[in-house]
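When a ligand or atom number is given, it counts from 1 through the structure's own listing order.
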Amino acid sequence: MTGVKIRACAHYVPSAVLDNHKISTWVDTTDEWIVKRTGVSERRISEGENTSDLCIQVAKQILEASGTAPEDIDMVLVATFTPDYGTPSVACLVQAEIGATNAFAFDLSAACSGFVYGVSVAQKFLLTKQYKNVLVIGADVLSKVTDWSDRGSSILFGDGAGGVLLSADEEGFFAERLRSRGDRVINGGFAEVVNPFSQRERGEYDFLKLDGQEVFNFAVKEASANISEILEQTGMTIDDIDFIVPHQANSRIIEGIAKKLKTSLEKFYVNIQRYGNTSAASIPIALSEMFKEGKLKQGSGKKVILVGFGGGLTWGSVLLSI
Ligand code: COA
């Protein structure tokens, strides 16, 4: 047994919609520029809900959809880099709220690759056969670390959460290729030490800072190479893959990956127009929509690659059968 079964999948986004027109009233940009250069038309922004609030909505939906009792959850893993607190973890807050009294819970920090890393970690726990039901949620409230006066980054991000309930699958297929390069960074939030000696005010290092073009080029190059590596590793070709669910960072990045892999964009699920870049949440939100739209069906055997890339730098793919 190496595979994992997605027993249920759900997502939750805040109800407040922030469209490009509104952003163009406070920074020098236009709806046309943002749509053309990023693919984003609007994003959801939290008006007070924190990361755990979004995750709890996802967890409750998953329990209901799968008919699972909270006591039967063995592990809760939340991938996020915008937690409510340093401690307790978001995962512990979720565990408490849903009554998963037999579960242990922890967070994982790998920015936009967090959900892919999380699925990989969950698979290892399931392999031991000691754990049967693992909840993996990717969630970020990026509006907390967005510099709303920076037109180069504020246009990109949105808030959201998505997740899956995973169990072991005797027949299921699973492969992965995870990577990091800590010497190439996107800085995001709380980068400086604040203590009584520093007397530092909230400043530029509290916000996400990125070199857009560098990240763009990294994403296209490394995500496509990563997918090629996982295909080579498994002896498959791109034609054996039914869907690629990429992190939603920029529609042109996704087009670039498709071009490098010499495959059709049709294979890629894209919903960035509605949510922007929601970091660790983007892949599970996409998966959840694919199930809702009937593109994916449990037990169909469809082969799907989830590919994440982002801060750290981190990147990686998992190839699994649905
Ligand atoms: N509106 C209008 N013009 C803008 C703008 C905005 N919101 N943001 C930048 N510009 C301008 C720049 O100032 C520049 O003007 P210049 O040519 O006069 O100097 C021009 O548009 C091109 O800027 P550039 O940064 O080269 O644009 P780009 O095509 O690389 O797009 C990003 C910028 C940020 C959209 C793109 O690089 C990107 O999506 N990068 C990766 C995203 C990312 O880092 N995600 C987080 C990790 S996954």
Does NZ or CZ of K303 fall inside the cone over F173's six-membered ring, less than 6.0 Å from its centre and within 45° of the axis?
yes

Show the protein residues that qualify under the rule heavy atom under 4.0 Å from an atom of ligand 1, listing them in chain and number order.
D28, T29, W33, R37, T38, C112, R151, G152, I155, L156, I186, L210, G212, Q213, V215, F216, H247, A249, N250, R252, N277, F309

Side-chain donor-acceptor contact under 3.5 Å, S143 with D159
yes

Which atom names give the shortest non-hydrogen contact between D53 and G48, and what distance separates them?
OD2-O, 4.4 Å

Can you tell me which residue pairs pass the ring pair (Phe, Tyr, Trp, His ring centres under 6.0 Å) test with a partner in residues 113-142, sequence neighbours excluded?
F104-F125, F104-Y131, F125-Y131

Residue among I305, V307, L261, V245 satisfying side chain to side chain contact (heavy atoms under 4.5 Å, CB included) with F268
L261

Taking R274 first and then E289, would you say they form a salt bridge - that is, a charged N and a carboxylate O separated by under 4.0 Å?
yes

